S.K.: 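A single structure is presented below for examination.
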Amino acid sequence: MANQLDAAAPPDPPRKKDRTHWLYIGVIVAVVAGVVVGLLAPEVGKSVGVLGTMFVNLIKMMIAPVIFCTIVLGIGSVRKAATVGKVGGLAFVYFLVMSTFALAIGLVVGNILHPGSGLQLSESAAAKGAQYAETAHESGGLLDFVQGIIPETMFSALTAGSVLQALFIALLVGFALQGMGSAGEPALRAIASLQKLVFKVLVMILWLAPIGAFGAIANVVGQTGWTAVTQLLGLMLGFYITCILFVFGVLGVLLRVVAGVSIFKLVRYLAREYLLIVSTSSSESALPRLIAKMEHLGVERTTVGVVVPTGYSFNLDGTAIYLTMASLFIAGALGDPLSLGEQIGLLVFMIVASKGAAGVTGAGLATLAGGLQAHRPDLLDGVGLIVGIDRFMSEARALTNFSGNAVATLLVGSWTHTVDKDRVDAVLRGDDPFDELTMVDDDHGRVDEEPTGKRVPEPA
């Protein structure tokens, strides 16, 4: 009978092959080719700079829909988190404080390192920079600025190219859906579907990243020679070091003081997830496994179910560091550094706009472009400088975001007394290893619980 049932069962659909590694290889080849062309044929390198500009324009095209969808859905997730009371409130406050702290760290490190200051590429962006600057400053005054935030129509905010208008409408729609309660669920589902479409288009555009990277790098190297290469490598190295210090320093100290857990043991426990993130350059690929492992670690299901998904939209420490350091690099490379007031304004904008930028490779690039367009449109062309190394920096972003959410789950669990500390110690010692065979979609390997929340021992 079993054989008959097996024969009657439909075959499993073929799994799609992950081809993102080809994009990774393509970007590497393009960067190397761009450096070679820029060094051997500088004039040719300068002439293909338009390829980088065209790629930046494609990214710019996606800014408004990315920000609209992520902000609306992010506020929707807060509404859901708020239904569980104390856990959701603590998680949201922690995410807001930590993201702001990460943005500030990026600004501090950027001002210490002064990335891009040796390039002085103001000539390369002169034409478009002047155009953007003229547009940005043609209506001076605070009242004119505030008036410009209000779009002509609700939908024109998504087509006019104004990031602040798109952000304003996204906040209005998000809070309106929040106030509608369950009646707003259909609209939220529709926007979630729209977000999938937007990110699908963004992924399609990212397949052109090697072409954009080749044009941008060849153009920069053609103008500055080896200086561009060393400056880009310096930015990458500084960003990686900052992320490492943030995870093992800031997050590690917090985790030890609040939860009494070693960050090194937690990283070892999540080693397979880190490998998965490195191979995909996206922290979202490890989302189901993080939920499963944090439940197995001893955090109650309700806490995990609130903190982890909400953190994937609101707790983006790695992305925050990247956004501020990359902005300072672009400003320095174009010979027009950001003033202190502009840096603070950019920080405030990024606190809001960065929400939801995790999960999909390239969303951080769109958010970076959005922040520059809102505050310094004359620097927007400089995003092309980052294209060539953005893929290499995305791993550090994703790993830092993932680490931040794992730590946040244990911290919120400790504050709300919804974590079994004895079990945490036992699991991290290796006494109760995670069973990979129980990783299924419905229970994520979670053992059954009584209504009291206490774990029921598995049968012998």
Side-chain angles (χ1 to χ4, degrees), residues 24 27-28 31 35 97-119 217 220 226-256 262-268 270-271 273-275 277-283 315-333 337-338 343 346-347 350 354 357-358 361 364-365 367-368 371 382-383 385-408:
Y24 198 47
V27 170
I28 295 175
V31 169
V35 171
V97 171
M98 213 61 200
S99 294
T100 305
F101 187 67
L103 284 165
I105 286 179
L107 286 180
V108 171
V109 173
N111 281 285
I112 293 174
L113 297 180
H114 298 291
S117 58
L119 290 180
I217 296 297
V220 174
W226 278 109
T227 305
V229 180
T230 56
Q231 288 284 348
L232 289 171
L233 291 176
L235 174 63
M236 287 176 55
L237 181 61
F239 177 65
Y240 270 77
I241 292 176
T242 304
C243 288
I244 291 172
L245 292 177
F246 181 81
V247 171
F248 292 99
V250 177
L251 294 181
V253 170
L254 262 177
L255 187 63
R256 171 63 73 180
S262 167
I263 186 67
F264 297 99
K265 291 183 178 179
L266 182 63
V267 168
R268 184 178 62 184
L270 299 172
E273 286 65 45
Y274 284 117
L275 291 175
I277 292 170
V278 169
S279 65
T280 60
S281 296
S282 171
S283 58
N315 190 37
L316 309 173
D317 301 328
T319 303
I321 297 171
Y322 162 81
L323 290 173
T324 47
M325 289 189 68
S327 298
L328 292 178
F329 174 85
I330 291 172
L338 295 169
Q343 291 182 32
L346 184 68
L347 184 146
M350 293 299 188
S354 64
T361 304
L365 197 63
T367 306
L368 171 64
V383 175
L385 304 176
I386 302 294
V387 172
I389 61 172
D390 178 75
R391 177 75 184 187
F392 303 100
M393 298 171 75
S394 64
E395 279 90 353
R397 286 202 306 265
L399 290 170
T400 307
N401 291 338
F402 180 82
S403 301
N405 286 315
V407 170

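Because the structure is a prediction, the values reported are computed rather than measured.
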S.K.: Work out which heavy atom in Ala320 is nearest to a heavy atom in Ser99; give both atom names and the distance.
M.R.: CB-O, 3.9 Å
S.K.: Checking Ala331 now: which residues fulfil side-chain contact (heavy atoms from CB on, under 4.5 Å) with it, not counting sequence neighbours?
M.R.: Leu338, Leu379
S.K.: Please find the pair of heavy atoms, one from Phe239 and one from Ala396, that lie closest to each other, and give the distance.
M.R.: CE2-CB, 3.5 Å
S.K.: With sequence neighbours left out, write down each residue that passes side-chain contact (heavy atoms from CB on, under 4.5 Å) with Phe264, or none if nothing qualifies.
M.R.: Phe248, Ser262
S.K.: Under the side-chain contact (heavy atoms from CB on, under 4.5 Å) rule, collect the residues that match up with Leu245, sequence neighbours excluded.
M.R.: Ile241
S.K.: I'd like to check the side-chain hydrogen bond (donor to acceptor under 3.5 Å, both in side chains) partners of Ser403; sequence neighbours left out, ordered by chain and number.
M.R.: Tyr274
S.K.: Rounded to the nearest 0.5 Å, how far apart are OH of Tyr240 and CD1 of Ile321?
M.R.: 13.0 Å
S.K.: Which distance, rounded to the nearest 0.5 Å, do you find between the CG of Leu399 and the CD1 of Ile244?
M.R.: 10.0 Å
S.K.: Among all residues two or more places apart in sequence or in another chain, which pass the side-chain contact (heavy atoms from CB on, under 4.5 Å) test with Thr324?
M.R.: Leu103, Leu107
S.K.: Kindly say whether Asp317 contributes a backbone atom to a donor-acceptor pair with the side chain of Asn401 at under 3.5 angstrom?
M.R.: yes
S.K.: Side chains of Phe402 and Leu270: does their closest heavy-atom pair fall under 4.5 Å?
M.R.: yes
S.K.: Verify side chain to side chain contact (heavy atoms under 4.5 Å, CB included) between Val250 and Ile105, making sure each step is shown before the conclusion.
M.R.: CA-CA 11 Å; Val250 177; Ile105 286 179; 4.3 Å; yes
S.K.: What pair of heavy atoms forms the shortest contact from Asn111 to Gln343, and how long is it?
M.R.: ND2-OE1, 2.8 Å
